Colleague: 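Take this structure first; my questions come after.
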There are 2 protein chains.
Amino acid sequence: MRAEELKGHLDALLLAALEDGPRHGYAVIEALRQATGGRLELPTGTIYPALRRLEQAGLITGSWSVVAGRRRRDYQLTPGGARALSGKRSAWRDFSATISAALEGRPCPEPA
Amino acid sequence: MRAEELKGHLDALLLAALEDGPRHGYAVIEALRQATGGRLELPTGTIYPALRRLEQAGLITGSWSVVAGRRRRDYQLTPGGARALSGKRSAWRDFSATISAALEGRPCPEPA
DNA sequence: CACTATGCGTAGCATTACTACTTATAGAAC
DNA sequence: GTTCTATAAGTAGTAATGCTACGCATAGTG
């Protein structure tokens, strides 16, 4: 699946990927790929700038480390980031229900 | 609800609003507002350019008429538009399920 | 006459994800 | 020892697209 339609929802995904503990960018990509069964393949040019945006916004904090000779930037949620995640999750539910209603006339399709 | 996060999904909504028959722009806004229980309030500066995009893409066709002294542009789905709507609907289901999975760890929240 | 609802439209802006590229280390293949 | 892959981070420039803030016009109501 292309992530072109993500506009506005990527931040929530990144925050969610950091909810279980600190991760570095490359690991965030892997985590989202696994969580979506391989449907979501984020290019590095998408997530690295996004992580910096989130850091600048104070929702995550990053710190450098070196593992196996390679430098990493590990990010973790700030308290504000956790609050933002919670808000974005309910915003997603509202949004998803609204679009589904407009598209299909019911709030959310029940799995069979 | 703000429609800022619509990016990429607006077209599907507009096509869906025209599925039951021809409508003019102003009526599309009303139809989407009603379909979503007032949650979706699209500004005119959003839908008029979007309708023209869809017309240029051949997904809808427009024709002028005059009702009560006011001119209207009525749009209706083309066969290609109907196909596009169908595709966009299933794309939405995929997208929605994928994001929900990444955010909440399950494909789609079941209503209580 | 002013105000509101109806109705269409544009110009310019801001956000944001993408492509394509660069830099760097470690290990395996050859 | 060179090449290829995986790991790891980043930037520059582009394109898409919805938004704000306008302008224009008619009809009806107070």
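Throughout, protein chains are lettered first and strands after them, A, B, ... in sequence-line order, and every chain is numbered starting at 1. Remember, it's a predicted structure, so these values are computed and weren't measured experimentally.
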Colleague: I want to confirm an ordering. Mapping P49(B) and A50(A) to their closest nucleotides on DNA chain C, which one lands closer to the 5' end?
Modeller: P49(B)
Colleague: Starting from C1' on dG18(D), measure out to NE2 on H9(B) and report it in whole angstrom.
Modeller: 12 Å
Colleague: Of the nucleotides dA17(C), dT11(D), dC19(D), which one has an atom closest to the side chain of R52(A)?
Modeller: dT11(D)
Colleague: Should the pair R33(B)-E30(B) be classified as a salt bridge under the 4.0 Å nitrogen-to-oxygen rule?
Modeller: yes
Colleague: Over how many whole Å does the gap from D11(A) atom CG to dA17(C) atom C1' extend?
Modeller: 11 Å
Colleague: Regarding G69(A), tell me which of base, sugar-phosphate or nothing describes its non-hydrogen contacts under 4.0 Å with the strands shown.
Modeller: sugar-phosphate
Colleague: I want to check one thing: is the phosphate of dC8(C), taken as OP1 and OP2, less than 4.0 Å away from some side-chain N or O of R73(B)?
Modeller: no
Colleague: Go through dC19(D), dG10(D), dA17(C) for me and flag the one nearest to the R53(A) side chain.
Modeller: dA17(C)
Colleague: Mind checking the NE2-CG spacing from H9(A) to L14(A)? Nearest 0.5 Å is all I need.
Modeller: 13.0 Å
Colleague: Round to the nearest Å and state the distance from W64(B) atom CH2 to dT26(D) atom C1'.
Modeller: 14 Å
Colleague: Using atom OH of Y48(B) as one end and atom P of dC19(D) as the other, report the distance to the nearest whole Å.
Modeller: 14 Å
Colleague: Looking at CZ of F95(A) and CZ of R39(B), how far apart are the two atoms once the value is rounded to the nearest 0.5 Å?
Modeller: 11.5 Å
Colleague: Nearest to the side chain of H24(A) - dT20(D), dA8(D), dA17(C)?
Modeller: dA8(D)
Colleague: Kindly compute the distance separating CZ (R72(A)) from CH2 (W64(A)), expressed to the nearest 0.5 Å.
Modeller: 12.0 Å
Colleague: When the distance from CD of Q56(A) to C1' of dT15(C) is rounded to whole Å, what number comes out?
Modeller: 14 Å
Colleague: Tell me: CZ of R72(B) to C1' of dT26(D), nearest whole Å?
Modeller: 13 Å
Colleague: Give me the one residue out of L18(B), L54(B), L59(B), T61(B) that meets side chain to side chain contact (heavy atoms under 4.5 Å, CB included) with L77(B).
Modeller: L18(B)
Colleague: May I ask you to say what G25(B) touches in the nucleic acid, namely base, sugar-phosphate or nothing, with a heavy-atom cut-off under 4.0 Å?
Modeller: sugar-phosphate
Colleague: For the pair made of CG in L42(A) and P in dC18(C), what is the distance, rounded to whole Å?
Modeller: 7 Å
Colleague: Starting at CG of D74(A) and ending at P of dT7(D), how long is that distance when rounded to a whole Å?
Modeller: 16 Å
Colleague: Is any side-chain nitrogen or oxygen of R71(A) closer than 4.0 Å to OP1 or OP2 of dT25(C)?
Modeller: no
Colleague: Could you pick out which residue, Y26(A) or R70(B), lies toward the 5' side of DNA chain D when each is mapped onto its nearest nucleotide?
Modeller: Y26(A)
